[in-house]
Amino acid sequence: MSTLSLLWSFNFIEPDPFCNTTSINNNNDSSVISSVKSHQMVQKKKPSLVMNSSPLNSTSCVERVVPKFYDKGTLKMYSGLLQDCSTKGSLCNGKAIHGKVIISGLNPDSYLWICLVNMYVKCGNLKLAHRLFDEMPERDVVSFTALIAGYSAAGNGYEGVGLFRRMRSEGILANGFAFASALKACSMCLALEFGKQMHGEVVKAGVLGDVFVGSALVDLYAKCGEMELAEGVLFNIPELNVVSWNALLNGYAKIGDGRRVLNLFHKMYESDMKFSKFTLSSVLKGCASLGNAREGQIVHSLAIKTGTELDGILSSSLVDMYSKCGLAEDAQKIFIRVLNPDVVAWSTMIACLDQQGKTFEVTKLFADMGKACLRPNQYTFASVVSASTNLSDLRYGKSVHACIYKSGFDSDKSVSNALITMYMKSGSVQDGFRVFEAMKDRDVISWNAFLSGFHEGDACSQAPMIFNRMVMEGFKPNEYTFISTLRSCSSLSDMSFGQQIHGQIVKNNLQTDDFVGTSLVDMYSKCGCLESAHKVFKRMKERDLFTWTTVISEYAQANQGEKAFECFRQMQREGVNPNEFTLASCLRGCSTISALESGRQLHSQVIKSGQSCDVFVTSSLVDMYGKCGAIEDAEEVFESSESRDIVSWNTMICGYSQNGDGEKSLETFSSMLNEGIQPNEITFIGVLSACSHVGLVEEGKQHFESIKEVYGIIPTIEHYACMVDILGRAGKLGEVENFIEKMNIMPNALVWQTVLGACKMHGNVEFGERAAEKLFQLEPETDSTYILLSNIYAAKGMWGDVKKVRLKMSSQGVKKEPGCSWVEINGEFHTFLSKDGSHPKVKEIYLKLGELDQKLKAAGYVPDTQFVLNNVSDEKKKESLIYHSERLALAFALISKGPAKPIRIFKNLRICGDCHNAMKLLSEVIDRDIIIRDVTRFHHFQNGSCSCRDYW
């Protein structure tokens with residue numbers, strides 16, 4: 001007869017033994033009711049099955065009764081009924097039986113007490129079980145064990161440990177079941193030290209060989225990360241079982257030691273131990289941590305053989321393993337085959353797709369989960385929010401946030417952290433701030449997610465304050481905190497706070513972390529302290545591609561091309577292969593120093609590495625060739641590129657302009673517009689420079705007007721300076737004055753420097769003096785202002801004014817930058833000053849200069865002494881012109897280079913008119929192409945003429 005049918009056969013009232021109301025079954029007969037009433041007449045009260053501490057002390061459901069009988073058969077019947085309720089988890093029926101025991105006046109024995117406690121435990125009502133346990137007249141090891149096991153099963157390890165302590169304090173000795181239950185409680189609350197004490201008692205009690213006790217010890221040590229102790233216990237258990245093995249395997253899987261998991265599983269397999277789905281689940285976790293798809297597939301085959309492949313737990317583990325091995329399609333195949341997957345399987349599959357970057361698939365699967373009427377959990381939401389972050393769809397992210405709020409997971413830490421990250425990466429800092437401030441329980445991940453929104457823009461100034469607040473609230477920064485804060489310092493160029501962070505990194509012993517090291521290198525580089533950046537870089541043990549690229553890029557941007565290329569070579573020696581960003585950065589370094597030979601080597605590296613089609617690399621190649629004066633090579637790379645963006649077009653336009661081919665520059669601009677590419681600010685700098693170099697004044701004006709009128713771009717100060725240069729070169733200095741007066745922005749040093757250059761070119765003393773005065777106010781330390789003004793006076797023979805300018809320059813502590821030229825021979829640069837006698841081959845150079853001078857004179861060359869702006873005799877002026885730095889560089893190149901190659905010379909100042917005339921003649925006399933890049937442009941000398949057409 002079932003429990004329920006027995007209860008109905010009794011026709012009794014069903015009181016809740018812990019409640020102040022009595023529920024009377026309408027079908028009960030009057031005799032039972034009258035029986036209850038007669039019980040209520042009893043005046044004398046005896047101990048009963050309810051606690052005195054019950055909130056119903058004052059008014060009991062049923063008055064306490066004097067136990068009337070002690071019948072073994074009845075006790076056995078009630079005990080059996082209670083055991084049946086425990087098995088079925090039927091709390092309602094169990095309470096009914098408890099009520100019948102109270103009403104019947106039965107005097108329960110210890111076994112019935114234990115059955116009652118066990119019934120409430122197994123039915124999940126630990127509060128009532130504990131109250132009843134405290135009411136027991138005598139407690140033994142069995143009753144203690146039942147309640148300890150109940151708390152352990154409910155995940156409340158602390159209560160379980162507390163009960164075990166109480167049991168021992170009451171002098172009750174533990175048996176194997178008590179030890180096993182208490183050890184499980186220790187596992188739940190990670191009470192390692194107390195567990196070790198229990199281990200000692202287990203040994204003393206001689207129950208270490210008990211399979212349950214041994215397994216519980218293994219599980220405790222494994223969950224506490226004490227894997228050596230766990231393994232030691234396992235292999236000392238007389239009879240190994242699958243539960244113990246599973247505990248050990250799961251422990252190693254949790255700490256990420258996949259290799260040990262596989263070794264132990266092989267050992268277990270060889271011992272003919274029968275494994276379970278939980279065993280395979282732990283082994284799959286080990287394979288996932290290793291990224292070992294091959295071993296994972298073997299475990300998968302074992303799951304198929306044992307018929308557990310599509311089990312809920314194991315299928316989730318298979319999906320996770322394939323995901324972490326990068327095999328999302330295999331993971332999806334498993335998921336599709338699972339019948340009625342639970343929320344764990346859905347969450348695992350969604351997390352898998354998110355980790356693989358398949359954001360659209362995540363959103364679709366999340367929608368399908370809703371259609372399947374499954375309620376997402378916090379892990380599902382965390383993955384979906386992560387996917388919406390990568391989707392860069394703030395609207396979708398906010399809709400997911402609304403779902404989270406409705407589902408009650410808005411207070412979950414992992415979900416909140418994901419939301420903060422999503423909002424910060426979407427640029428919605430205020431929303432991220434609100435989520436962060438609403439969190440009651442933050443961790444370091446929360447702070448790091450919050451800091452991630454302050455890397456760039458105006459908001460990055462808040463990062464130091466947030467970091468300080470984090471430390472003040474007692475959180476210990478980790479490597480990700482420091483990396484994030486250093487990024488903000490880089491954006492702010494705040495080296496002072498960056499150095500403080502560096503100090504914190506050293507204190508936290510994170511200076512050896514390579515990612516932190518890379519961030520420090522980037523911070524110091526962006527703050528212009530390349531020396532400190534290089535020191536950090538040298539101390540790094542493992543320098544990856546990103547670190548090398550950062551250093552190379554910063555050297556290139558700091559115009560230290562030699563060091564950039566030196567780092568590139570060292571990187572290759574250490575076996576690190578460059579990517580497109582490394583090559584582009586190194587090419588930029590070659591551009592800054594006009595290292596054509598090194599640039600050609602890099603070009604071959606680009607071809608070998610298959611990066612020829614990359615738009616960044618091709619733009620860098622075009623820029624390098626253009627700035628090295630090899631405009632034909634630049635043109636060839638540009639024409640052969642498969643895709644061209646605005647950067648590529650701008651580079652080519654500016655390249656033609658710098659190399660004196662203004663017509664081609666303007667033609668390229670027209671081609672760009674025909675292909676539908678919209679120009680930007682940089683485009684017009686190139687276009688206006690081209691107009692300036694070829695003297696297209698009216699066309700230059702039209703292009704300048706079109707910047708705002710046609711393309712809606714606000715002209716910058718650089719555009720205004722270009723327009724001043726166009727007018728100034730053409731000698732229209734009156735228009736220059738009017739143009740400057742009508743400018744919408746305040747003219748800066750660049751504009752006035754351009755005016756001063758035009759005044760020197762056309763000998764306008766008065767306007768030149770006014771421009772110089774402006775420059776003395778804006779940049780009094782710039783030497784070129786004094787030199788140009790002095791040259792204006794010298795050209796007019798105003799030697800007294802020349803002297804005054806030079807005295808002023810001296811009093812200001814400004815020193816003239818010496819004019820120098822350099823030439824690249826076999827990958828090595830040779831630099832020359834005027835009248836330089838320091839080169840090892842000085843004798844051969846001067847002999848060659850004498851030879852060139854004779855050839856020039858024979859060709860009709862007459863030195864133009866007006867370009868020597870010193871108050872000396874004509875003979876000394878002629879002698880001075882012969883030994884200008886660019887002529888020394890040319891002589892050295894002629895004695896060093898083969899006859900076929902063009903000679904490329906680079907100069908830090910503007911080439912003088914006499915040298916310009918001499919180079920034109922020499923290109924014809926010696927039949928060599930000579931290319932000179934001065935401070936403003938390239939001059940291509942060929943067959944007695946120059947690409948500038950003498951308009952420079």
A.B. asks: Of all heavy-atom pairs between C189 and G157, which one has the smallest distance, and what is that distance?
C.D. replies: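 Closest heavy-atom pair between C189 and G157: SG-C, 3.9 Å.
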A.B. asks: Distance check, rounded to the nearest 0.5 Å: L318 atom CG versus Q297 atom CD?
C.D. replies: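 Separation between the atoms: 10.5 Å.
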A.B. asks: Below 4.0 angstrom, N of the basic side chain to O of the carboxylate: do R131 and E135 qualify?
C.D. replies: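 Here R131 does not pair with E135 in a salt bridge, since their nearest N and O are not under 4.0 Å apart.
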A.B. asks: Can you give me the closest heavy-atom contact between A129 and Y120, atom names plus distance?
C.D. replies: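 Taking every non-hydrogen atom into account, CB-CB, 3.6 Å.
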A.B. asks: Report the C-alpha separation of F381 and D412 in whole Å, then their side-chain angles, then the decisive distance to 0.1 Å, and conclude whether the side chain to side chain contact (heavy atoms under 4.5 Å, CB included) test is met.
C.D. replies: CA-CA 10 Å; F381 280 124; D412 181 83; over 6 Å; no
A.B. asks: Do other residues, nucleotides or ligands put more than 12 heavy atoms under 6.0 Å from F177 CZ?
C.D. replies: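 Counting neighbours around CZ of F177, 12 or fewer heavy atoms of other residues, nucleotides or ligands fall under 6.0 Å, so no.
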A.B. asks: Cation over ring, R139 on F133, under 6.0 Å and within 45°?
C.D. replies: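 Judged by the rule (NZ or CZ under 6.0 Å from the ring centre, within 45° of its axis), R139 counts as positioned above F133.
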A.B. asks: Only pairs at least two apart or in different chains count here, so list each salt bridge (Lys or Arg N to Asp or Glu O under 4.0 Å) that has a residue in residues 210-235.
C.D. replies: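 Every pair satisfying salt bridge (Lys or Arg N to Asp or Glu O under 4.0 Å) with a residue in residues 210-235: D219-K223, E231-R260.
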A.B. asks: Report the residue from L116, D84, L82, I102 that forms a side chain to side chain contact (heavy atoms under 4.5 Å, CB included) with I97.
C.D. replies: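 When side chain to side chain contact (heavy atoms under 4.5 Å, CB included) is applied between I97 and each of L116, D84, L82, I102, only L82 qualifies.
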A.B. asks: State, to 0.1 Å, how close F275 and V242 come at their nearest heavy-atom pair, and which atoms those are.
C.D. replies: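 Taking F275 first and V242 second, the nearest heavy atoms are CA-CG2, 4.0 Å.
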A.B. asks: Would you call the rings of F164 and F179 parallel, tilted or perpendicular if under 30° counts as parallel and over 60° as perpendicular?
C.D. replies: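 Tilted: the ring planes of F164 and F179 meet at 30° to 60°.
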A.B. asks: Compute the ring centroids of Y158 and Y151, then answer whether they are less than 6.0 Å apart.
C.D. replies: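 Centroid distance Y158-Y151: not below 6.0 Å, so no.
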A.B. asks: Is the NZ or CZ atom of K267 both under 6.0 Å from the centre of the six-membered ring of F235 and within 45° of that ring's axis?
C.D. replies: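 Yes - K267 lies over the ring of F235, closer than 6.0 Å to its centre and within 45° of its axis.
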A.B. asks: Nearest 0.5 Å please: distance from the CD1 atom of I334 over to the NE2 atom of H300.
C.D. replies: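 Rounded to the nearest 0.5 Å, the CD1-NE2 separation comes out at 3.5 Å.
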A.B. asks: Quick check on side chain to side chain contact (heavy atoms under 4.5 Å, CB included): which of L132, V142, D140 does W113 satisfy it with?
C.D. replies: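 The option that passes is L132.
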A.B. asks: Which heavy atom of S187 sits nearest to which heavy atom of A216, and what is that distance?
C.D. replies: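 Shortest heavy-atom contact: OG-O, 4.2 Å.
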A.B. asks: For residues C115 and S79, report the shortest heavy-atom separation together with the two atoms involved.
C.D. replies: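 So the minimum-distance heavy-atom pair works out to SG-CB, 3.9 Å.
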A.B. asks: Look at atom CD of E170 and say whether more than 12 heavy atoms of other residues, nucleotides or ligands are closer to it than 6.0 Å.
C.D. replies: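 It does: E170 CD has more than 12 such atoms within range.
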A.B. asks: Using the rule given for side chain to side chain contact (heavy atoms under 4.5 Å, CB included), can you reason through V141 versus L173, listing the C-alpha separation, both sets of side-chain angles and the distance that settles it, and then say yes or no?
C.D. replies: CA-CA 7 Å; V141 67; L173 295 175; over 6 Å; no
A.B. asks: Heavy atoms only: give me the nearest A253-V261 pair and the separation to one decimal.
C.D. replies: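 Looking at all heavy atoms of both residues, the closest pair is N-CG2, 3.5 Å.
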A.B. asks: With a cut-off of 3.5 Å and sequence neighbours excluded, list every side-chain donor-acceptor pair involving residues 338-351.
C.D. replies:
residue : atom : partner : partner atom : Å
D342    : OD1  : V344    : N            : 3.2
D342    : OD1  : A345    : N            : 2.9
W346    : NE1  : P341    : O            : 3.2
S347    : OG   : V343    : O            : 2.8
S347    : OG   : N377    : OD1          : 3.2
S347    : OG   : T380    : OG1          : 2.5
T348    : OG1  : V344    : O            : 2.7

A.B. asks: Return yes if a side-chain donor-acceptor contact under 3.5 Å exists between S414 and N417, otherwise no.
C.D. replies: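 Judged by distance alone, the side chains do not pair up.
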A.B. asks: Determine, stepwise, if the pair S323 / D320 fulfils side chain to side chain donor-acceptor pair (under 3.5 Å).
C.D. replies: CA-CA 5 Å; S323 166; D320 183 59; 5.4 Å; no
A.B. asks: Test T279 against every option in N246, N250, T306, T308 by the side-chain hydrogen bond (donor to acceptor under 3.5 Å, both in side chains) rule and name the one that passes.
C.D. replies: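 Answer after filtering N246, N250, T306, T308: N246.
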